[in-house]
Structures are given as structure tokens and as C-alpha cells.
Chemist: 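After the C-alpha cells below, expect a handful of questions from me.
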Amino acid sequence: MKLHLKIKRFNPEHDKKPWWGEYDLDVEPGDRILDALHEVKWTLDGTLALRRSCAHGVCGSDAMRINGRNRLACKCLIKDEIKNGQIVIEPILGMRVLKDMIVDMDPFFAHYRSIMPFLVNDTPLPANGRERLQSPEDRQRFDDSTKCILCACCTTSCPSFWARGEYIGPAAIVQAHRFIFDSRDQAAQERLEILSDVDGVWRCRTAFNCTEACPRDIKVTKTIGEVKDALRTGVIA
Ligand code: SF4
Ligand code: F3S
Ligand code: FES
């Protein structure tokens, strides 16, 4: 089938403003958007810049706006996205564009690091000397948030983040949730204090864009709601 790919291009080193690159391709309906982008880069215009690594929805590096919605290019099939023979590709919003689809992820990862994304427990190891055991029920409590691959689809689809880039964003809150509700961790209060900041969890206005955008089907808004509840009630349950 024929595909007309419209890609927002921008190289701040020599473009004054973004422009649309237009490419016509022969593709299979079952090809992924990433395949089409590779075709452009490898056969039509080698200057096209994008990030990708695993090509299987695991590394989270190829988040982009596909027909106006944040998606991983390696997880979207052309037949599911094509409209009137065309697909429109743009970089994710709210981040500085370094080149084409490549955005500056440093602020995103700074927010991630700010919530202490690691297990904190300074008590001596249990008698077996090897591991801190946890019941299946306790593990289940934060199972959903362990699925996050830090792709930024959620944060960069959030209107509160677009309005104020200092907002810590849904991805960092999901990562905080993963440790706050871990029965082995001892730094939940510290993380909750960080998230109660003016640019913390209360900037979330329950827009749900994050949940719609998450390629791992994490219930992002629900997760954020649980963190808000813990802050409101002081109870981590
Ligand atoms: Fe990506 Fe989902 Fe994690 Fe957000 S919560 S960074 S959308 S995997
Ligand atoms: Fe934003 Fe998601 Fe809240 S889109 S406003 S973080 S529910
Ligand atoms: Fe790794 Fe798409 S290339 S998630």
C-alpha cells in the first residue's frame, strides 16, 4: 500500500523554525511506524534523526506524536494509524527539540531522580542474610507501577506539564508510587514530602491524557490518585 508520511523536521543548527518533511513510501499494512521511519532514513533522507533501540516496546526510546497522540513508533502498526493515506509524525511536546524527533530528556530524568527511585532500607538484613521477603499481596500493591519504561509518553501528553515544565509529571509520580507502596521501603514519607511540593502531585488536574498515552497500559491517573490519597490521609495502604 501507499503511505504519505508527514514528519515535523527541525534542526536548530540551521533551521529558523520547524518544517514539514513529506515522504511517499510503499509499505505493508502490518509494518510498524518505526519501519516506515527507518525506510525514510535509510533510503530517502539520512538526515532524519530519531531515537530507537529495542524496536519491541521495551526500551521506551521512540516516543513520538503519531497523528496527535503520544505513542511508541515500534508499537504502532501503519494499518491502525493511516488516515486518508497519510500519517503525521511530530516530536513529543513540552521538551526542547534537539533535532527532529530527538528531544532533550534531561529535565525529565531530573524529575525522575528527584523522587529517589531506589529502595531505601537501612535496617540489617534478615537472618537468611540475602533478601527481604515480601508477601505476594504486598508485591501486588505496586505491581502496575513496576511496568513503567520511562518513555515519557505520559508526562509529555499532560496539559499541566505543557503549562508548567517544572511540574514533576506523571512518570516521576508513577516511579515514586512504585517505592512508596513497597512494604520493604522506608522512605515513603520523604518521597511524599517531595511530591507535596508546589510542582508536585497537586498540579495533576486529572486530565487522564497520561493514562490514554501509556504504552504499558499503566493506570497512571489511578496511581497518581493513590499518591494524593496517601498525602491527604497520611495513610499508606
Ligand atoms: Fe511511559 Fe507509562 Fe511510564 Fe509514563 S507511566 S513513562 S507512559 S511507561
Ligand atoms: Fe496530567 Fe495525567 Fe494528571 S494528564 S493532569 S498527570 S491525570
Ligand atoms: Fe524500544 Fe520502541 S524502540 S520501545
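In this chain, residues are counted from 1 in sequence order. Numbering of ligands and ligand atoms starts at 1, following listing order.
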Chemist: Does any donor atom in the side chain of Q134 or D182 lie under 3.5 Å from an acceptor atom in the other side chain?
Modeler: yes
Chemist: Which ligand 1 atoms, with their elements, are less than 4.0 angstrom from a heavy-atom of L150?
Modeler: 3 (Fe), 6 (S)
Chemist: Suppose we measure from atom 3 (Fe) of ligand 1 to each protein heavy atom; which comes out shortest, and what is that distance?
Modeler: C148 SG, 2.3 Å
Chemist: Determine whether the side chain, the backbone, both or neither of C210 has a heavy atom under 4.0 Å from any heavy atom of ligand 2.
Modeler: both
Chemist: Counting from 1, what ligand 3 atoms have a heavy atom of C59 closer than 4.0 Å?
Modeler: 1 (Fe), 3 (S), 4 (S)
Chemist: Between T223 and D144, do the side chains contain a donor N or O and an acceptor N or O under 3.5 Å apart?
Modeler: no
Chemist: Work out whether the distance between some heavy atom of T206 and some atom of ligand 2 is less than 4.0 Å.
Modeler: yes
Chemist: Can you hop from W20 to I102 via hydrophobic side chains spaced under 4.5 Å?
Modeler: no
Chemist: Under 2.8 Å from atom 1 (Fe) of ligand 3, is there an N/O/S atom belonging to H56?
Modeler: no
Chemist: Just need the protein heavy atom nearest to atom 2 (Fe) of ligand 1, so name the residue and atom and give the distance.
Modeler: C214 SG, 2.3 Å
Chemist: What part of A73 sits under 4.0 Å from ligand 3 if we count only heavy atoms: the side chain, the backbone, both or neither?
Modeler: neither
Chemist: In terms of hydrophobic clusters joined by side-chain contacts under 4.5 Å, are F179 and L150 together?
Modeler: no
Chemist: Report the part of N209 in contact with ligand 2, treating N, CA, C, O as backbone and CB onward as side chain, heavy atoms under 4.0 Å; options are side chain, backbone, both, neither.
Modeler: both
Chemist: Report yes or no: do D35 and H38 form a side-chain donor-acceptor pair below 3.5 Å?
Modeler: no
Chemist: Write out the residue and atom name of the closest protein heavy atom to atom 8 (S) of ligand 1, then the distance separating them to 0.1 Å.
Modeler: I149 N, 3.4 Å
Chemist: For atom 2 (Fe) of ligand 3, find the closest N/O/S atom on D62 and give its atom name.
Modeler: OD1
Chemist: Give the numbers and elements of all ligand 1 atoms closer than 4.0 Å to a heavy atom of C153.
Modeler: 7 (S)
Chemist: Using heavy atoms and a threshold below 4.0 Å, how should the contact between A55 and ligand 3 be classified: side chain, backbone, both, or neither?
Modeler: backbone
Chemist: Look at atom 4 (Fe) of ligand 1 and say which protein heavy atom is nearest, naming residue and atom and giving the distance to 0.1 Å.
Modeler: C154 SG, 2.3 Å
Chemist: What part of F208, side chain, backbone, both or neither, has a heavy atom within less than 4.0 angstrom of ligand 2?
Modeler: backbone
Chemist: Heavy-atom contacts with A171 under 4.0 Å: which atoms of ligand 1 show up? List them by number with element.
Modeler: 6 (S)
Chemist: Pick one: which of C158, C153, P170, C204 meets side-chain contact (heavy atoms from CB on, under 4.5 Å) with C210?
Modeler: P170
Chemist: Please identify which of these residues, K99, R96, R51, meets the salt bridge (Lys or Arg N to Asp or Glu O under 4.0 Å) condition with D104.
Modeler: R96
Chemist: In the protein, which heavy atom is nearest to atom 1 (Fe) of ligand 2, and how far is it?
Modeler: C158 SG, 2.3 Å
Chemist: As an exercise, identify every atom of ligand 2 less than 4.0 angstrom from a heavy atom of I224.
Modeler: 6 (S)
Chemist: What are the atoms of ligand 3, with element, lying closer than 4.0 Å to any heavy atom of C54?
Modeler: 1 (Fe), 3 (S), 4 (S)
Chemist: Of the side chain and backbone of I173, name the one, both, or neither that has a heavy atom under 4.0 Å from an atom of ligand 2.
Modeler: neither
Chemist: Starting from atom 5 (S) of ligand 2, which protein heavy atom do you reach first, and at what distance in Å?
Modeler: R205 N, 3.1 Å
Chemist: Heavy-atom contacts with S160 under 4.0 Å: which atoms of ligand 2 show up? List them by number with element.
Modeler: 5 (S)
Chemist: Output the list of atoms in ligand 3 that are nearer than 4.0 Å to some heavy atom of G60, sorted by atom number.
Modeler: 1 (Fe), 4 (S)
Chemist: Taking 4.0 angstrom as the limit and counting only heavy atoms of A152, give me the atoms of ligand 1 inside it, by number and element.
Modeler: 1 (Fe), 6 (S)
Chemist: Relative to ligand 2, is W162 under 4.0 angstrom through side chain, backbone, both or neither, heavy atoms considered?
Modeler: neither
Chemist: Pull out every atom of ligand 3 sitting under 4.0 Å from any heavy atom of V58, numbered as shown with elements.
Modeler: 4 (S)
Chemist: Consider only side-chain N and O atoms of R132 and S183, and report whether a donor and an acceptor are under 3.5 Å apart.
Modeler: no
Chemist: Would you mind checking which non-hydrogen protein atom is closest to atom 1 (Fe) of ligand 1, with the distance to 0.1 Å?
Modeler: C151 SG, 2.4 Å
Chemist: Under a 4.0 angstrom heavy-atom cut-off, which atoms of ligand 3 come close to S53?
Modeler: 3 (S)
Chemist: Within the 4.0 Å heavy-atom shell around R216, which atoms of ligand 1 are there?
Modeler: 8 (S)
Chemist: If you count the atoms of ligand 3 from 1 in the order shown, which ones are under 4.0 Å from a heavy atom of G57?
Modeler: 4 (S)
Chemist: Regarding C74, does it place an N, O or S atom less than 2.8 Å from atom 1 (Fe) of ligand 3?
Modeler: no
Chemist: Should the proximity of P170 to ligand 2, defined as any heavy atom under 4.0 Å, be assigned to the side chain, the backbone, both, or neither?
Modeler: side chain
Chemist: For atom 3 (Fe) of ligand 2, what is the nearest protein heavy atom, given as residue, atom name and distance?
Modeler: C204 SG, 2.3 Å
Chemist: Among all protein non-hydrogen atoms, which one is nearest to atom 6 (S) of ligand 2, and what is the separation to 0.1 Å?
Modeler: Y167 OH, 3.5 Å
Chemist: Identify, by atom number and element, the atoms of ligand 1 in contact range of P215, meaning under 4.0 Å from any of its heavy atoms.
Modeler: 7 (S)
